[in-house]
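Have a look at the structure below, then the notes.
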2 protein chains.
Amino acid sequence: MLAKSTEYAIRALVFVQLRNWEGKRPGVVEIAKEIEAPPAFSAKILQTLTRHRLLDSAKGRGGGFFFNNEQNELTLYQVIHVMEGDACFHRCGFGLKSCNNDNPCPLHEQYKEVRDKFFEIVQEETIQALSEKIRKGEAVLNRGIG
Amino acid sequence: MLAKSTEYAIRALVFVQLRNWEGKRPGVVEIAKEIEAPPAFSAKILQTLTRHRLLDSAKGRGGGFFFNNEQNELTLYQVIHVMEGDACFHRCGFGLKSCNNDNPCPLHEQYKEVRDKFFEIVQEETIQALSEKIRKGEAVLNRGIG
DNA sequence: TTATAAAAGGACCCCGTTGTCCTTTTATAA
DNA sequence: TTATAAAAGGACAACGGGGTCCTTTTATAA
Ligand code: FES
Ligand code: FES
């Protein structure tokens with residue numbers, strides 16, 4: 001459903017949030033290890049996120065990644081949007097060049113329902129909400145470390 | 001959501017069904033044109049489908065593709081299964097190595113719902129049902145041809 | 001003020017999916 | 001029985017997403 005890099009991005013942001021709540025600013029190496037992603041690739045993804053201002057970073061000794069604007073939450077949709085665009089929310093499930101209510105493919109009704117439902121989810125759900133679930137021990141960020 | 005080749009496969013099968021109902025057995029060239037896919041690639045996909053006996057074919061002059069066992073309908077799930085496997089129905093939406101009810105990621109509840117819903121759809125829906133919609137003019141196989 | 005630690009950035013590579021081309025096999029029409 | 005039309009199959013090419021490596025910039029601690 002989502003691109004691998006988008007999944008890495010979401011997990012990375014969740015981990016940054018968790019560490020921020022502990023007063024820490026994790027760096028690329030720590031993040032990569034925790035989200036089980038290649039360090040160099042994680043760096044690229046974090047770059048993309050900071051370039052689009054979804055995340056802040058500090059260079060130099062003692063630097064790392066953190067959220068500056070902690071007032072407004074970050075939706076998964078915002079993350080998906082900058083990482084891979086929103087084509088997947090508008091594609092035709094049957095493979096036609098576009099989805100069109102007025103000239104539907106034979107899968108339109110059924111496909112549209114799940115596609116729109118997923119769209120709703122990512123618009124409602126936020127990095128902070130996911131992080132909170134993990135903080136409370138209701139969900140995990142990874143399996144098999146520690 | 002689905003691989004491009006899977007979408008081609010589904011559209012190809014629908015077209016074959018439509019032509020079969022007209023008493024015709026379309027060939028690769030005709031199918032490729034109608035589903036708007038590259039002919040050589042369509043040939044590969046049709047090969048895969050016949051090798052797995054989802055479709056029958058006749059070689060030689062006057063040959064083409066057709067359904068032999070018209071008694072039992074062909075579900076979209078069967079097509080997906082031979083074309084790309086069923087990993088997508090079991091993946092974790094958060095990118096963990098596996099989805100696990102007992103040790104869930106923070107997206108599990110919401111993601112599982114849409115994933116399972118899509119799974120239901122492709123298990124219920126059949127090539128014949130989609131074809132029938134098109135035959136009745138309730139849906140289209142393509143846009144921009146004739 | 002210098003050594004060090006960290007992010008930013010550019011250039012590049014790898015591999016799976018998508019897609020092409022050519023030859024071989026098989027059946028039918030003439 | 002031969003020419004032709006069609007699917008089957010093998011080998012390979014192209015493209016994009018995922019991934020690596022190395023250099024440059026920037027900040028801080030000593
Ligand atoms: S037209 Fe195919 S999903 Fe809407
Ligand atoms: S554990 Fe992530 S979707 Fe089930």
Side-chain angles (χ1 to χ4, degrees), chain A residues 1-13 15-16 19 24-33 35-68 80 82-85 87-88 95 97, chain B residues 1-13 15-16 19-20 24-33 35-68 80 82-85 87-88 91 95 97:
Chain A
M1 201 120 200
L2 297 177
K4 216 164 176 181
S5 46
T6 306
E7 292 176 346
Y8 287 156
I10 293 172
R11 296 215 301 280
L13 289 166
F15 180 64
V16 170
R19 291 296 273 163
K24 300 284 169 58
R25 295 178 168 186
V28 168
V29 175
E30 183 184 0
I31 294 170
K33 188 176 295 176
I35 68 174
E36 302 180 273
F41 194 45
S42 303
K44 282 285 175 261
I45 288 164
L46 289 162
Q47 251 181 67
T48 303
L49 294 172
T50 55
R51 244 188 289 110
H52 287 85
R53 320 287 353 251
L54 299 192
L55 188 63
D56 279 281
S57 67
K59 274 188 174 185
R61 207 175 239 213
F65 295 91
F66 58 97
F67 291 98
N68 222 344
I80 294 168
V82 306
M83 291 304 299
E84 58 175 287
C88 79
K97 302 212 196 338
Chain B
M1 198 123 202
L2 297 176
K4 215 165 176 181
S5 46
T6 306
E7 292 176 347
Y8 287 156
I10 293 173
R11 296 215 301 280
L13 290 165
F15 179 65
V16 170
R19 290 297 274 163
N20 281 186
K24 299 285 168 58
R25 296 177 167 187
V28 168
V29 176
E30 183 185 359
I31 294 170
K33 188 175 297 175
I35 69 174
E36 301 179 277
F41 194 47
S42 303
K44 283 285 175 257
I45 289 165
L46 289 161
Q47 252 180 67
T48 303
L49 295 172
T50 56
R51 244 188 289 110
H52 287 85
R53 320 288 352 250
L54 300 191
L55 188 64
D56 279 283
S57 66
K59 274 187 173 184
R61 206 174 240 211
F65 295 90
F66 59 97
F67 291 98
N68 220 344
I80 294 167
V82 306
M83 292 302 299
E84 59 174 284
C88 78
R91 281 191 63 231
K97 300 210 195 342

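First the proteins, then the strands, lettered A, B, ... as listed; each starts at 1.
Between A:R19 and A:E30 there is a salt bridge, with a side-chain nitrogen of the basic residue lying less than 4.0 Å from a carboxylate oxygen of the acidic one. Salt-bridge formation is detected for the pair B:R91/A:E7: a Lys NZ or Arg NE/NH1/NH2 atom is positioned less than 4.0 Å from an Asp or Glu carboxylate oxygen. Using a cut-off of 4.0 Å between Lys/Arg side-chain N and Asp/Glu carboxylate O, A:K97 and B:E36 are scored as salt-bridged.
D:dG17 atom C1' lies 13 Å from atom CD of A:E7, rounded to whole Å. Rounded to whole angstrom, the span from the CD atom of A:E30 across to the P atom of C:dA5 amounts to 16 Å.
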Using a 3.5 Å cut-off and no angle test, enumerate the donor-acceptor pairs between side-chain atoms of residues 38-50 of chain B and protein atoms at least two apart in sequence or in another chain.
from: B:S42; atom 1: OG; to: B:P38; atom 2: O; distance (Å): 2.8
from: B:T48; atom 1: OG1; to: B:K44; atom 2: O; distance (Å): 3.1
from: B:T50; atom 1: OG1; to: B:L46; atom 2: O; distance (Å): 3.2
from: B:T50; atom 1: OG1; to: B:Q47; atom 2: O; distance (Å): 2.9

Legend entry - Watson-Crick and G-U pairing of DNA chain D written in dot-bracket, each distance under 3.5 angstrom, with | for inter-strand partners: ||||||||||||||||||||||||||||||
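Considering only side-chain atoms of B:R51, the nucleotide from D:dA8, D:dG9, C:dT18 that sits closest is D:dG9. When each of C:dA8, C:dG19, D:dG19 is scored by its nearest atom to the side-chain atoms of B:P38, the top-ranked nucleotide is C:dG19.
Across all strands shown, A:V28 has heavy atoms under 4.0 Å from sugar-phosphate atoms exclusively, and none from any base.
Between D:dA6 and B:S57, no contact under 4.0 Å exists linking OP1 or OP2 to a side-chain N or O. For A:Y8, no side-chain nitrogen or oxygen approaches OP1 or OP2 of D:dG18 to under 4.0 Å. Under 4.0 angstrom from either OP1 or OP2 of D:dG18 there lies at least one side-chain N or O belonging to A:S5. Between A:K44 and the phosphate of C:dG10, there is no side-chain N or O to OP1/OP2 separation shorter than 4.0 Å.
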Give every pair of a protein N or O atom and an N or O atom of nucleotides 24-30 of chain C that lie under 3.5 Å apart, one pair per line with the distance.
from: C:dA29; atom 1: O4'; to: B:R61; atom 2: NH1; distance (Å): 2.9

